[in-house]
Asks: 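Mind having a look at this structure? Questions to follow.
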Amino acid sequence: MAMDLNRIFIVDSVVVFGVCIVMAMLFKVSTTSQDSSTANFVFGDSLVDVGNNNYIPTLTRANYVPFGIDFGKPTGRFTNGRTIVDIIGEELAMGYTPPYLAPTTVGPVILKGVNYASGGSGILNLTGKIFRLFNLGARKIIVVNVGPIGCIPNQRDTNIDAGDNCATFPNQLAQLFNTQLKGLVAELSANLKGSMFVYADVYTILEDIFSNYMEYGFANPSSSCCSFAGRFGGLVPCGPSSRVCMDRSKYVFWDPYHPTDAANIFIAKRLLDGSHNDIYPMNVRQLFHASS
């Protein structure tokens, strides 16, 4: 039976941390005009990995405490709770997608959506070509720019001259990249006929959260909740010997690199329903329901 695929891809140039990745692909699958179901196919790195790295030989894993402390157990997610894509999936009634490498992800389960994300992956020529995707039928594509890398705990601790401020040079690199990326998005929109490209400005969203963190309900916008070493807890990855803050909802960062569930909620909501200042020319919810 032929299927009409109305696909949304989210291409993430990293929400916080500095390499380009394909973050997620969302698409609506219609087998007939009366029968429509929604699936979610996710591609990316540790920002959206839900456990694929549990099944491959790598040190980049999050299947141990205290990861998942607010999810109920460690699952392989590199945060205390949910990823941004988890939250978007909940809001759009798609739920969570299972890791591709899990032994239970077989048969009909795959048709409902699969998460291919793997901590440490990227979109350089060594790891794949992203616009691997338009030729496969992608028509709705969300490109997420690079966030303020110099503000993560790891960069704060490794750039001690910055003092209490974010590290300037990594942020300058991110801004330079984002300027070029925005132009590329416009170019692709014009050249790939029938496509709907959206540029998501996560740099601006996070910059706003850092500048106005108290208004968002945070008490600490700069340090890791899960901390072992460093002034900002950014020198050693989170692990069983780390100190974990009591109230994760008050921290923007879970560990030296990744946001908390609380921060992911604000990011996801602004991608879903944000204005043109956050995501242009339309937000995720509008794109999800738009006719391509």
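For the numbers below, each heavy atom of this structure counts, side chains included, while hydrogens, waters and symmetry mates do not.
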Asks: So does Phe228 have more than 12 non-hydrogen atoms from other groups sitting under 6.0 Å from CZ?
Replies: no
Asks: Spell out, as yes or no, whether a donor-acceptor pair under 3.5 Å connects the side chain of Asp255 to the backbone of Pro237.
Replies: no
Asks: Check whether any side-chain heavy atom of Met94 sits under 4.5 Å from a side-chain heavy atom of Lys112, and report yes or no.
Replies: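 The answer is no; the side chains never approach within 4.5 Å.
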Asks: Salt bridge or not for Lys182 and Asp201, using N-O below 4.0 Å?
Replies: no
Asks: Checking side chain to side chain donor-acceptor pair (under 3.5 Å) between Arg270 and each of Asn277, Asn283, Asp208, which is the one that passes?
Replies: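 Of Asn277, Asn283, Asp208, side chain to side chain donor-acceptor pair (under 3.5 Å) with Arg270 is met by Asp208 alone.
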Asks: What is the distance from atom CD1 of Ile87 to atom CG of Leu92, rounded to the nearest 0.5 Å?
Replies: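 Interatomic distance, Ile87 CD1 to Leu92 CG, rounded to 0.5 Å: 12.0 Å.
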Asks: Do side-chain atoms of Asn154 reach the backbone of Pro256 as a donor and acceptor pair under 3.5 angstrom?
Replies: no
Asks: Would you say Thr260's side chain and Ala263's backbone share a donor-acceptor pair under 3.5 angstrom?
Replies: yes
Asks: Under a single-linkage definition using a 4.5 Å side-chain heavy-atom cutoff for Ile, Leu, Val, Met, Phe, Trp and Tyr, are Phe67 and Val244 assigned to the same hydrophobic cluster?
Replies: yes
Asks: Val65 and Trp254: same hydrophobic cluster, using ILVMFWY side-chain contacts below 4.5 Å?
Replies: no
Asks: Is there a side-chain contact between Ile205 and Phe266, using heavy atoms and a 4.5 Å cut-off?
Replies: no
Asks: Under 6.0 Å between ring centres: does that hold for Tyr213 and Phe210?
Replies: no
Asks: Are any side-chain N or O atoms of Asn145 and backbone N or O atoms of Val202, one a donor and one an acceptor, separated by less than 3.5 Å?
Replies: yes
Asks: Which pair of non-hydrogen atoms, one from Val85 and one from Val48, has the smallest distance, and what is that distance?
Replies: CG2-CG1, 3.4 Å
Asks: Does Asp49 reach the main-chain N or O of Arg77 with its side chain, forming a donor-acceptor pair under 3.5 Å?
Replies: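 The answer is no, because no donor-acceptor pair under 3.5 Å joins these two groups.
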Asks: From Asn115 CG over to Thr83 OG1, what is the distance, rounded to the nearest 0.5 angstrom?
Replies: 7.5 Å
Asks: How close do Gly147 and Leu206 get, heavy atom to heavy atom, and via which atoms?
Replies: CA-CD1, 4.4 Å
Asks: I need the Asp278 CG to Leu272 CG distance, nearest 0.5 Å.
Replies: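 If I round to the nearest 0.5 Å, the distance is 11.5 Å.
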Asks: Any chance you could lay out the side chain to side chain contact (heavy atoms under 4.5 Å, CB included) test for Met196 and Met282, step after step, and finish with the verdict?
Replies: CA-CA 10 Å; Met196 300 177 70; Met282 65 185 77; 3.6 Å; yes
Asks: Within 45 degrees of the ring normal and closer than 6.0 Å to the centroid, is that where the cationic atom of Arg61 sits relative to Phe78?
Replies: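 That pair does not qualify as a cation-pi contact.
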Asks: Is there a donor-acceptor pair closer than 3.5 Å between any side-chain N or O of Thr179 and the backbone N or O of Gln175?
Replies: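 Confirmed, Thr179 side chain pairs with Gln175 backbone.
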Asks: Assigning hydrophobic clusters by single linkage (Ile, Leu, Val, Met, Phe, Trp, Tyr; side-chain heavy-atom cutoff under 4.5 Å), is Leu181 placed with Leu188?
Replies: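 Same cluster.
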Asks: Using side-chain heavy atoms (C-beta onward) and a distance below 4.5 Å, is Asn171 in contact with Tyr203?
Replies: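 Of all side-chain heavy-atom pairs linking Tyr203 with Asn171, at least one is under 4.5 Å.
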Asks: Answer with yes or no whether the side chains of Asn53 and Ser118 bring together a donor and an acceptor at under 3.5 Å.
Replies: yes
Asks: Report the C-alpha distance between Ile141 and Val143 in whole Å, list the side-chain angles of each, state the deciding distance to 0.1 Å, and finish with yes or no for side chain to side chain contact (heavy atoms under 4.5 Å, CB included).
Replies: CA-CA 6 Å; Ile141 303 173; Val143 180; 4.2 Å; yes
Asks: Check this for me: Tyr64, atom OH, are more than 12 non-hydrogen atoms of other residues, nucleotides or ligands nearer than 6.0 Å?
Replies: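 It does: Tyr64 OH has more than 12 such atoms within range.
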Asks: Could you report the tightest heavy-atom contact between Gly274 and Ile279, atom names first, then the distance?
Replies: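 The pair with the smallest heavy-atom distance is O-CG2, 4.0 Å.
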Asks: Is there a side chain to side chain contact (heavy atoms under 4.5 Å, CB included) between Leu176 and Gln172 once you walk through the steps?
Replies: CA-CA 6 Å; Leu176 179 62; Gln172 290 175 335; over 6 Å; no
Asks: When you compare the side chain of His258 with that of Phe253, does any pair of heavy atoms fall below 4.5 Å?
Replies: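 No. Closest side-chain heavy atoms not under 4.5 Å.
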Asks: Can you check salt bridge (Lys or Arg N to Asp or Glu O under 4.0 Å) on Asp70 and Arg248, steps first, answer last?
Replies: CA-CA 9 Å; Asp70 296 308; Arg248 272 77 67 185; 2.7 Å; yes
Asks: Measure the shortest side-chain to side-chain distance between Pro281 and Val198 over non-hydrogen atoms and say whether it is less than 4.5 angstrom.
Replies: yes
Asks: Tell me, do Ile149 and Leu173 make a side-chain contact under 4.5 Å, heavy atoms counted?
Replies: no
Asks: Which heavy-atom pair separates Ser222 from Asn220 by the least distance, and what is that distance?
Replies: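 Scanning both residues completely, I find the closest heavy atoms to be N-OD1, 3.0 Å.
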Asks: Tyr55, Val50: one ILVMFWY side-chain cluster at the under-4.5 Å cut-off?
Replies: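 No.
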Asks: With a 4.0 Å cut-off, would you call Arg231 and Asp157 a salt bridge?
Replies: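 Salt bridge absent between Arg231 and Asp157.
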Asks: Can you give me the closest heavy-atom contact between Ala200 and Leu271, atom names plus distance?
Replies: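 What the structure gives for the nearest pair is CB-CD2, 3.6 Å.
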Asks: Just by modelled atom types, is the Ala262 backbone N or O under 3.5 Å from a matching donor or acceptor in the Ser249 side chain?
Replies: no
Asks: Suppose we call two aromatic rings close when their centres sit under 6.0 Å apart. Are Tyr100 and Tyr116 close by that rule?
Replies: yes
Asks: Kindly determine whether Arg156 and Asp164 satisfy salt bridge (Lys or Arg N to Asp or Glu O under 4.0 Å), including the steps that lead there.
Replies: CA-CA 8 Å; Arg156 287 178 181 268; Asp164 293 331; over 6 Å; no
Asks: Report yes or no: does Asn63 contribute a side-chain atom to a donor-acceptor pair with the main-chain N or O of Pro74 at less than 3.5 Å?
Replies: no
Asks: Please check if the side chain of Ser227 supplies one atom and the backbone of Ser224 the other of a donor-acceptor pair under 3.5 Å.
Replies: no
Asks: Does Phe218 have its ring centroid less than 6.0 Å away from the ring centroid of Tyr251?
Replies: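 Not close enough - the centres of the two rings lie 6.0 Å or further apart.
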Asks: For Glu187, check salt bridge (charged side-chain N to carboxylate O under 4.0 Å, His left out) against everything at least two apart and list the hits.
Replies: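 Listed in chain order: nothing, the list is empty.
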Asks: If you compare all heavy atoms of Pro240 against all heavy atoms of Pro66, which two are closest, and at what distance to 0.1 Å?
Replies: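 Taking every non-hydrogen atom into account, N-CD, 4.1 Å.
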Asks: Starting at CD of Glu207, measure out to SG of Cys166 and round the result to the nearest 0.5 Å.
Replies: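 It comes to 8.5 Å.
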Asks: What distance separates Thr79 OG1 from Ile69 CD1, expressed to the nearest 0.5 Å?
Replies: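 That separation rounds to 11.0 Å.
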Asks: For residues Tyr216 and Ile267: do they belong to one hydrophobic cluster (side chain heavy atoms under 4.5 Å, members Ile, Leu, Val, Met, Phe, Trp, Tyr)?
Replies: yes
Asks: With a 4.5 Å limit on heavy-atom distance, are the side chains of Pro221 and Ile209 in contact?
Replies: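 Heavy-atom side-chain distance check fails, nothing below 4.5 Å.
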Asks: Please test Glu90 against Tyr96 for side chain to side chain contact (heavy atoms under 4.5 Å, CB included), starting from the C-alpha separation and ending with a verdict.
Replies: CA-CA 7 Å; Glu90 287 179 337; Tyr96 303 149; 2.5 Å; yes
Asks: Is any NZ, NE, NH1 or NH2 atom of the basic residue among Lys269 and Glu91 found under 4.0 Å from an Asp or Glu carboxylate oxygen of the other?
Replies: no
Asks: Roughly how far apart are Arg82 CZ and Asn80 CG, rounded to 0.5 Å?
Replies: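 Here the interatomic distance stands at 9.5 Å.
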Asks: Using side-chain heavy atoms (C-beta onward) and a distance below 4.5 Å, is Asp86 in contact with Ile84?
Replies: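 A side-chain contact is absent here, since even the closest heavy-atom pair is not under 4.5 Å.
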Asks: Taking the SG atom of each, are Cys238 and Cys226 under 2.5 Å apart?
Replies: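 Yes, the SG atoms sit under 2.5 Å apart.
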